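For reference, the structure discussed in these notes is given below.
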Amino acid sequence: MAIIADEQKRIFTLQTQNTTYQMKVDPYGYLLHLYYGRKTKGDLSYLLTFADRGFSANPYDAGTDRTYSLDALPQEFPYLGTGDYRTKSLIVRDSRGVYGCDLRYSAYEIRDEKYALDNLPYVHKSENGAPGDEGMQSLLITLKDDRLGLEAELCYGVLPQLDIITRSVVLKNAGKERIVIEKILSASLDFPEGKYDVLTFYGRHAMERNRQRQAVSHGIYSVGSTRGISSHQYNPFLILAAPETCETAGSCWSMQFVYSGCFEALAEKDQYNQTRVAIGLSDEQFSYPLEPGDQFTAPEVIMSYSSSGFGKLSRNLHRCIRDHVCRGRYAHEVRPVLLNSWEASYFDFSGESLCKLAEAAKDLGMDMLVMDDGWFGSRSDDSRSLGDWNVNEKKLGGSLKELVDKVNALGLKFGIWFEPEMISEDSRLYREHSSWALVVPGRKPVRGRYQLVLDFSRPEVVDYIFSGMCEVLDHANIEYVKWDCNRDIADVYSATAKDQGKVLYDYVLGVYRLLEMLRQRYPKLLMEGCAGGGGRFDAGMLFYTPQIWCSDNSDAIDRLRIQYGTSFGYPVSTMGAHVSVSPNEQNGRVTPLETRAVTAMAGTFGYELDPSRLSAEEKEAIRKQIRRYRRLAPIIQYGDYYRLSDPFCDEVCAWENISSDGTMVVVTAVMQAVHGNMTENYVHLQGLDEEADYKVTDPGDTGLAAESIYNGAALMEGGIPLPVRMGEYHSYQLLFEKC
Ligand code: GLA
């Protein structure tokens with residue numbers, strides 16, 4: 001059993017293959033956190049310590065016991081009102097405006113399935129019988145504040161095989177008066193002792209998810225987004241780690257928010273050197289009223305723990321996201337190799353030029369043509385027409401169906417771009433429904449890329465956009481949609497909302513509802529998320545779109561870092577990655593075509609260039625790349641991923657993919673710099689069977705002899721020397737087969 005409830009001691013234990021999580025209801029009904037970490041057993045309440053401490057107050061129920069203070073004890077769901085001055089997970093206000101509550105244990109329930117959430121993404125049973133399904137359970141613990149009539153149902157999901165625990169909270173107003181939620185964090189973890197580092201992933205447009213590691217020190221270190229989307233700037237994900245933890249050894253814990261809007265993730269070290277980490281909704285512009293009978297669901301958090309370093313932690317998360325967050329046919333299938341029109345021609349295309357692109361794509365061996373931005377309304381640049389999702393037949397020289405049929409006749413699939421949440425002031429939609437844009441009355445709106453944001457907190461707006469999209473998708477054989485979102489939200493005012501503090505959260509629910517309606521209506525459609533590249537790269541979006549365009553930066557060398565950072569929390573199969581031209585359009589860097597290809601192969605793989613500008617040799621090289629990708633894709637997309645170096649520190653960036661049965665190994669390495677009299681670089685493999693031998697089936701450019709055989713332990717301990725090559729940014733890709 002993954003969940004054990006000791007009713008007598010009122011202890012709840014969650015067990016996974018390698019981890020244990022324990023909590024306890026204390027004599028006063030407070031739910032205390034006892035432990036999360038390496039697998040153990042028994043009653044861990046001996047870890048709690050009690051002392052009479054100045055300026056750490058005592059709840060009334062503790063009577064004269066001055067050693068009991070919630071300012072010092074580890075808690076499961078800290079809330080305002082108990083005398084805990086650390087970061088709270090919950091702050092509410094009652095109808096008189098009084099802050100705080102008093103939630104005590106009331107009941108529990110264990111279910112032999114993973115709980116689901118209404119209108120929000122969540123971890124679920126896989127659709128393909130993947131590991132993780134076995135033994136899935138949920139624990140629901142109800143806490144109650146009788147005076148307010150507030151109930152908090154703490155939800156825990158356990159995927160024992162994957163070492164994954166999920167959390168969420170459902171708040172119910174079972175009272176007679178309004179309660180306002182001023183702040184809610186979905187999960188919080190307390191560590192009564194120890195020194196830790198915190199890893200977060202920061203960035204900017206076109207340079208997302210750089211890894212940052214720093215010591216947790218006194219005070220609060222917090223990252224987040226108040227931009228309406230999860231953001232380029234900080235990913236809704238953090239890792240807490242022992243200072244000595246590295247890729248292959250050491251303790252680390254992760255918290256990943258399954259949500260695509262504003263969030264906060266933090267690590268706090270308190271006066272007693274205790275650490276609290278937490279993640280949840282941002283409280284900026286958030287104030288959510290619950291009328292009697294209403295309930296509110298706080299988005300889910302995925303947690304994992306590894307005692308053997310970041311690599312194992314990431315692989316736990318990869319499996320969880322790939323099989324238990326992503327859904328639909330393509331979640332478990334190698335995605336089509338596509339040619340995207342954006343960097344090939346930007347807004348400047350016609351039906352004829354797209355057909356030429358399609359012919360070239362076919363000739364090179366690709367599967368799909370994607371028509372990016374510019375096909376609708378009078379969109380000839382980025383200043384107009386968002387919201388007018390009617391096909392510009394003049395530009396295409398005919399109907400969309402005619403174009404798609406031509407592309408299909410070549411044996412290619414067809415994909416299309418939408419930016420459903422946006423509206424241009426220069427659009428028919430804005431002229432007819434200007435109140436559908438998020439604009440504060442009496443103020444001029446803040447523009448982003450000239451555009452405004454539609455009020456997706458309003459169901460009628462979502463329904464309208466849905467019918468506009470269906471109008472397009474119903475009339476041609478479209479097999480892929482790229483869902484873009486090219487600005488943050490700045491003006492938070494919904495013309496119909498009674499409470500503006502609901503708008504940012506309800507907006508995200510509106511986005512999810514539209515995505516879900518599309519999924520239901522077009523179950524075979526592949527959707528790729530995008531927000532100016534990776535501005536909304538989160539587990540919430542991945543519930544609806546099994547891949548997300550990782551970054552608008554398609555430069556292979558920058559991508560090494562972006563994809564490396566992304567890989568801490570997200571699997572290869574979710575990262576949209578394309579080969580583009582050199583010099584690169586975003587940073588002017590010149591890189592070899594092969595390096596661009598192997599880097600894009602660490603993602604969903606495609607091209608974003610105009611093949612008519614390629615030489616015959618380049619075209620032949622691309623044909624070979626695509627053939628190679630088809631062979632390697634099942635290993636790369638659905639095997640296990642290992643980071644073999646750190647591109648933020650090492651000159652070589654190397655990674656490895658091992659097939660799920662452990663027999664095939666792909667190693668890829670890219671040199672990030674060259675120097676005179678270059679030093680040797682060795683790549684040490686990971687995850688091999690120490691006893692087994694591995695045969696080189698394709699040495700790539702490493703100089704190893706084809707068919708030569710090496711012992712697994714030797715490849716891991718001794719490594720492989722990469723021969724020094726002249727010229728920058730050389731890459732190596734080699735294959736082994738287990739003998
Ligand atoms: C965003 C996307 C790009 C492209 C453009 C089109 O920037 O990230 O890939 O689709 O929009 O306007």
Side-chain angles (χ1 to χ4, degrees), residues 203-209 227-233 260 335 338-349 353-354 357 368-389 392 395 414-424 426-427 447-454 469 472 478 480-488 511 526-538 541 545 547-555 558-559 562-563 566 574-581 584-587 596 600 603-610:
R204 54 188 183 273
H205 174 239
M207 205 58 226
E208 300 88 338
R209 290 173 295 287
R227 296 166 179 265
I229 60 173
S230 52
S231 91
H232 298 88
Q233 286 71 17
S260 310
R335 319 290 156 71
L338 61 84
L339 179 65
N340 182 297
S341 70
W342 182 242
E343 286 193 31
S345 48
Y346 297 101
F347 292 105
D348 188 15
F349 58 81
S353 73
L354 289 174
L357 275 186
M368 181 159 74
L369 175 77
V370 175
M371 176 172 70
D372 209 281
D373 193 358
W375 56 267
F376 51 92
S378 51
R379 181 103 164 154
S380 50
D381 58 37
D382 58 9
S383 69
R384 69 198 77 216
S385 293
L386 292 170
D388 295 346
W389 299 110
N392 185 343
K395 183 165 179 174
F414 189 90
I416 198 167
W417 179 97
F418 280 99
E419 198 178 353
E421 299 149 78
M422 299 295 156
I423 181 164
S424 305
D426 183 2
S427 67
R447 291 179 174 140
R449 206 194 190 197
Y450 305 118
Q451 65 208 45
L452 306 181
V453 184
L454 277 171
M469 291 178 80
V472 176
I478 293 168
Y480 161 106
V481 162
K482 177 173 169 185
W483 174 307
D484 214 335
C485 166
N486 278 318
R487 62 159 293 179
D488 304 318
V511 171
L526 170 60
M527 286 197 270
E528 175 155 356
C530 178
R536 196 161 52 184
F537 202 113
D538 56 64
M541 285 305 287
T545 69
Q547 62 193 60
I548 299 175
W549 181 227
C550 206
S551 175
D552 269 353
N553 186 343
S554 62
D555 165 53
D558 279 350
R559 272 292 184 124
I562 296 169
Q563 293 173 190
T566 308
T574 63
M575 294 186 218
H578 300 163
V579 176
S580 62
V581 292
N584 179 268
E585 303 260 313
Q586 289 82 43
N587 63 10
R596 282 176 270 149
T604 57
F605 198 63
Y607 290 78
E608 183 137 351
L609 43 72
D610 179 357

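All of these numbers come straight from a predicted model, not from anything done at the bench. Read the numbers this way: they start at 1 and go in the same order the structure lists the ligands and their atoms.
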Just jot down the ligand 1 atoms closer than 4.0 angstrom to any heavy atom of Lys482, in number order. 3 (C), 4 (C), 9 (O), 10 (O)

Looking only at the aromatic ring of each residue, does the gap between the centers of Trp342 and Phe349 stay below 6.0 angstrom? no

Which of the ligand 1 atoms, numbered from 1, are nearer than 4.0 Å to a heavy atom of Asn486: 1 (C), 7 (O), 11 (O)

Quiz item: cation-pi between Arg379 and Trp417, 6.0 Å / 45°: no

Select the closest option to atom 1 (C) of ligand 1 among Asp484, Asn553, Asp382, judged by heavy-atom distance. Asp484

Contact atoms of ligand 1, heavy-atom distance to Cys530 under 4.0 Å: 2 (C), 8 (O)

Would you confirm whether Asn340, through its side chain, and Val370, through its main-chain N or O, come within 3.5 Å as a donor-acceptor pair? no

Just need the protein heavy atom nearest to atom 3 (C) of ligand 1, so name the residue and atom and give the distance. Asp552 OD1, 3.5 Å

N-O pairing of Arg487 and Glu419 below 4.0 Å: no

Checking Ser554 against Glu343: is there a side-chain donor and acceptor pair closer than 3.5 Å? yes

When rounded to the nearest 0.5 Å, the distance separating CG of Leu339 from CE of Met368 is 10.0 Å

Can you list the atoms of ligand 1 that are under 4.0 Å from a heavy atom of Asp373? 6 (C), 12 (O)

So which heavy atom in the protein is nearest atom 10 (O) of ligand 1, and how far is it from that ligand atom? Asp372 OD1, 2.6 Å

Please walk me through it: do Trp375 and Phe418 pass ring pair (Phe, Tyr, Trp, His ring centres under 6.0 Å)? CA-CA 10 Å; Trp375 56 267; Phe418 280 99; 5.3 Å; yes

For Gly533, the ligand 1 atoms whose distance to one of its heavy atoms is below 4.0 Å: 8 (O)

Within the 4.0 Å heavy-atom cut-off, what Arg449 brings close to ligand 1 is side chain

